[in-house]
Amino acid sequence: MTASGLLEGRRLQLARGVLLQCIMGGYPPARFYGGDDGDLVLNADPRQIHRLPWSESPRALAICDADELDGRSSGLSTRGLLKRVLARYAEHGWQPVVATELEFFVFAANPDPQQPFQPPLGLDGRREDGGSAFSVSSGNGLRPFFAEVYRCMEALGLPRDTFMHEMGVSQFEINLLHGDALLLADQTFLFKHLLKEIGFKHGLSVVCMAKPLARTPGSSMHIHQSVVEQGSGRNIFSADNGEATAAFYHFIGGQQAAMADFTLLFAPHVNSYQRLCHPYASPNNACWSADNRAAGLRIPASAPVARRVENRLPGADANPYLALAASLAAGLHGLECELQPSAPIQGEFEVPEELALPCTMHAAIERLKRSELAIELFGAEFIEGYIASKAIELASFYDEITPWERRVLAAQA
Ligand SMILES: NC(=O)CC[C@H](N)C(=O)O
């Protein structure tokens, strides 16, 4: 997601091709330069106007909805898409409760993209040279950076649930407290922006790519999801006796049915598939399991009141509005159609063909293109615009010759 910081200023009107480019992180398809490139209006959400606490000069950021000139929500807006999914839950008297878990790397500033990323020099002047997941001292070398991150999260009202060092060298995870899905999408967006900007200030490069380093774990944005009854707040996944309800299984069934079609929405770039295809606890399957991190859908051990489904597919590079909309729409599809899940997997397992996911961006584009479900849930305007912009992004990737090709292929006869 790359919208942050681009829309500063007073003119809150933009062309729809630009929306595709900056909000979807893609490229505007040619037709948007022509007749389909009419303006949209950006309407700031009054609850999401923030003074930026890290900025030395006064600056504010407003999260906006992209609307048509006649006031209708634009079919291209990912925030609008999430709102429409939530409105459909509300028609049933339900409200999703979600949490996002964001992993990210903190690197030394890297002005030359030809060079691999390096961990930064810590306070002690050393570079971290091994991933020390959960180590109590591992974040110490970056204390001034994290102190400012904490201060600014507090000032912006972003409630922090956990912070830890992850498995990769200089890889961290901060989890936001669970809550309403639109709020969590806004908070996740703000949090990524905050990380980037505070990183710049400290001479660091905070990277939310799915797989910035080879032979090292990638970065995810796992989504934890439950659904409560509006008013009572009762979790519809648990019965009074604490057992899982039929609704819980239907929700999983919906996630499984849609995951392959929606893979591009969770894994939006070429690099996303580097994470999924060299997995370190980053599954590319739609299996589900009681508590196995190799399954795309995990049911974390919890009290019945917190029974939830964790979607482990989204990378840290996913647009939080879109990933949440897609995951929750899939669950709702299962609830409405009363879909049954497969049997849960246990231990070492083989992925059945029907639960395998696309493992390249090209395959994911082709899958989404053929998805009637995606068009039904998100509308043809969005899916066509998204696919067109992603096809251009993929073509632009194939315009480049990578260091691997120069290293390996140049030596061959
Ligand atoms: N702690 C974890 O579950 C690791 C997740 C892993 N980094 C991923 O990319 O999905």
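The first residue in the sequence is number 1, and the count goes up from there. Whatever order the structure lists them in is the order used to number ligands and atoms, beginning at 1.
- Checked against the 6.0 Å centroid threshold, W54 and H202 do not count as a close aromatic pair.
- Here's the thing with P217: none of its N/O atoms is less than 3.5 angstrom from an N/O atom of ligand 1.
- With K211, R298, E166, H222 as candidates, the residue nearest to atom 1 (N) of ligand 1 on a non-hydrogen basis is E166.
- Aromatic ring orientation, F146 versus F104: tilted (interplanar angle from 30° to 60°).
- Here CG of L355 is found 9.5 Å from CZ of F349. Values are rounded to the nearest 0.5 Å.
- Between F378 and F262, the ring planes are tilted. Angles from 30° to 60° get that label.
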Kindly determine whether L142 and L204 satisfy side-chain contact (heavy atoms from CB on, under 4.5 Å), including the steps that lead there. CA-CA 10 Å; L142 296 172; L204 300 166; 4.3 Å; yes

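- Proximity of the aromatic rings of F117 and F105 is defined here by a centroid distance below 6.0 angstrom, and this criterion is not met.
- Close contacts between ligand 1 and S282 involve ligand atoms 8 (C), 9 (O), 10 (O) [criterion: under 4.0 Å to a heavy atom].
- When only interatomic distances are considered, the shortest N/O to N/O separation between R275 and ligand 1 falls below 3.5 Å.
- Under 4.0 Å from ligand 1, not a single heavy atom of E173 appears.
- Atom 4 (C) of ligand 1 has E103 OE2, 3.4 Å as its closest protein atom, hydrogens excluded (heavy atom only).
- For atom 3 (O) of ligand 1, the closest heavy atom belonging to the protein is R312 NH2, 2.9 Å.
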